[in-house]
Amino acid sequence: MTFSRRSSLLAAAALMATSGLALADSWPTRPLRIVVPYPPGGSSDIIARAISQPLSEALKQPVVVENRAGANGNLGAELVARGAADGYTLLLCDVGALAISPSVYTKLAFDPSKDLRGVTMLAYSPHLLVVHPSLPVNNFAELVALSKKSDLNFAIPATGSAAHLAAVAVQRASGARWEYVPYKGGVQAIGDTVAGQTQVLMNGMLATLPQVQAGKLKLLAVSKGTRMPLVGQVPTLAEQGVTGFESGTWQGVRMARGTPDAVVARLNAELIRIIRSPEIRSRLAGQGAEVVTMTPTEEEQFFNQERARWAKVVQAANVKLD
């Protein structure tokens, strides 16, 4: 490479870095939006609405939560992935579920690893295995036994979702039998199980626990390595025979690849400060969610690990969608 060519590349890199810093210094100058790729009322939506006002106050700009549901979260994620990398659109979703999409969908219109970058993780809540109160079962073993002699419909937030694959793993490990009924989100799945249209459900604790506390759903097991203090009397799936099993929802923030590092760093710092505030931490803990934060690099590493982990589960379950 000639000296002039090398000088030109260095000058271009310096200009790009300077432009990024300039953008970060002036950013934000207009409203931001948090895209939640699921219907209102789910775990991601709950967290997005909890942080939107504090984030607005910190950035001195309006922050709007926009629900863009469809295709198991992929429509909203694609909107962000293909949008401008200017720091004004955030994707708040179940990062674990997003990591599943490349393995499940044969025609995914974007690559969540290449087209999105990590900002931070926000919270984790385990899946709860619940049933309609009319079912004559009080533990997982009784549910498995009932499934072998009765027709049971198992509600899932979406085909290929983390909850669906977790349920498939549990089914394969236990020999249970049920038919899966897919929905367009966890809220609809919860609603039909409460109504008795479906009898069994596996879904994130943050959105599901209120229905358990209201007596509208019966909790049989928690998909975590250890028991949850809020429901300490309920054993884990591992304790009930599904050895080593753990699953849940990981809410985090990602943005379009190309968003300036300085903007991502600012958002990372503000979001971590907000989600760790005593008020929000206490509110989420009261619903079964644990605050979990990461640097952008750690979030990227987590995403890639989840993508590799779930690819094996998808292959074993043979779940594929167009």
Side-chain angles (χ1 to χ4, degrees), residues 33-49 64-85 89-119 127 153-169 179-193 198 201-204 206-208 247-257 303-304 306-315 317-322:
R33 63 174 172 166
I34 300 175
V35 174
V36 175
Y38 315 112
S43 299
S44 295
D45 185 69
I46 290 170
I47 292 177
R49 296 184 188 281
V64 178
V65 176
E66 182 178 324
N67 296 91
R68 288 293 190 99
N72 195 18
N74 291 321
L75 290 184
E78 181 184 352
L79 174 72
V80 177
R82 294 188 174 278
T89 303
L90 293 71
L91 174 69
L92 199 161
C93 67
D94 182 339
V95 175
L98 183 63
I100 294 171
S101 293
S103 299
V104 171
Y105 289 86
T106 58
K107 298 178 181 178
L108 197 63
F110 70 104
D111 187 324
S113 294
K114 295 179 180 178
D115 300 330
L116 294 166
R117 64 176 300 180
V119 179
H127 286 133
N153 288 326
F154 197 117
I156 53 175
T159 301
S161 63
H164 177 203
L165 294 178
V168 170
E179 291 294 326
Y180 293 106
V181 180
Y183 289 86
K184 293 183 179 180
V187 174
Q188 291 92 335
I190 292 171
D192 265 16
T193 308
T198 49
L201 167 72
M202 199 166 189
N203 195 54
L206 187 60
T208 311
S247 66
T249 62
W250 295 86
Q251 268 64 45
V253 173
R254 294 178 73 79
M255 301 182 76
R257 182 73 63 179
F303 182 84
N304 292 330
E306 284 292 281
R307 183 167 176 169
R309 179 172 79 93
W310 284 110
K312 297 177 182 178
V313 177
V314 170
Q315 183 177 18
N318 193 29
V319 177
K320 285 290 183 181
L321 296 171
D322 290 333

What distance separates R117 CZ from M255 CE, expressed to the nearest 0.5 Å?
8.5 Å
Might you work through the side-chain contact (heavy atoms from CB on, under 4.5 Å) test for L206 and I47, ending with a clear yes or no?
CA-CA 9 Å; L206 187 60; I47 292 177; 3.9 Å; yes
Is it the case that the side chains of T198 and D192 hold a donor-acceptor pair, with the cut-off being a distance below 3.5 Å and no angle test?
no
Taking it one step at a time, do N203 and T208 satisfy side chain to side chain donor-acceptor pair (under 3.5 Å)?
CA-CA 7 Å; N203 195 54; T208 311; 3.1 Å; yes
Decide, yes or no, whether a salt bridge links R307 with D111 under the criterion of side-chain N to carboxylate O below 4.0 Å.
yes
side-chain contact (heavy atoms from CB on, under 4.5 Å) assessment of H164 paired with T159:
CA-CA 6 Å; H164 177 203; T159 301; 3.9 Å; yes
The reported gap from CE in M202 to CG in L165 (rounded to nearest 0.5 angstrom) is 11.0 Å
When you compare the side chain of F303 with that of L98, does any pair of heavy atoms fall below 4.5 Å?
yes
Once you round to the nearest 0.5 Å, how far does CZ of R254 lie from OG of S113?
6.5 Å
Approximate separation, where rounding is to 0.5 Å, of E66 CD and I34 CD1:
11.0 Å
Can you see which heavy atom on G41 is nearest to which on A207, and at what distance?
O-CB, 4.1 Å
To the nearest 0.5 angstrom, please state how far the CD atom of E78 sits from the CG atom of L108.
7.5 Å
Taking the side chain as everything from C-beta on, heavy atoms only, tell me whether Y38 gets closer than 4.5 Å to V187.
no
OG1 of T193 to CD1 of I156, rounded to nearest 0.5 Å, is 11.0 Å
Short side-chain to backbone donor-acceptor contact, K320 and S103, under 3.5 Å
yes
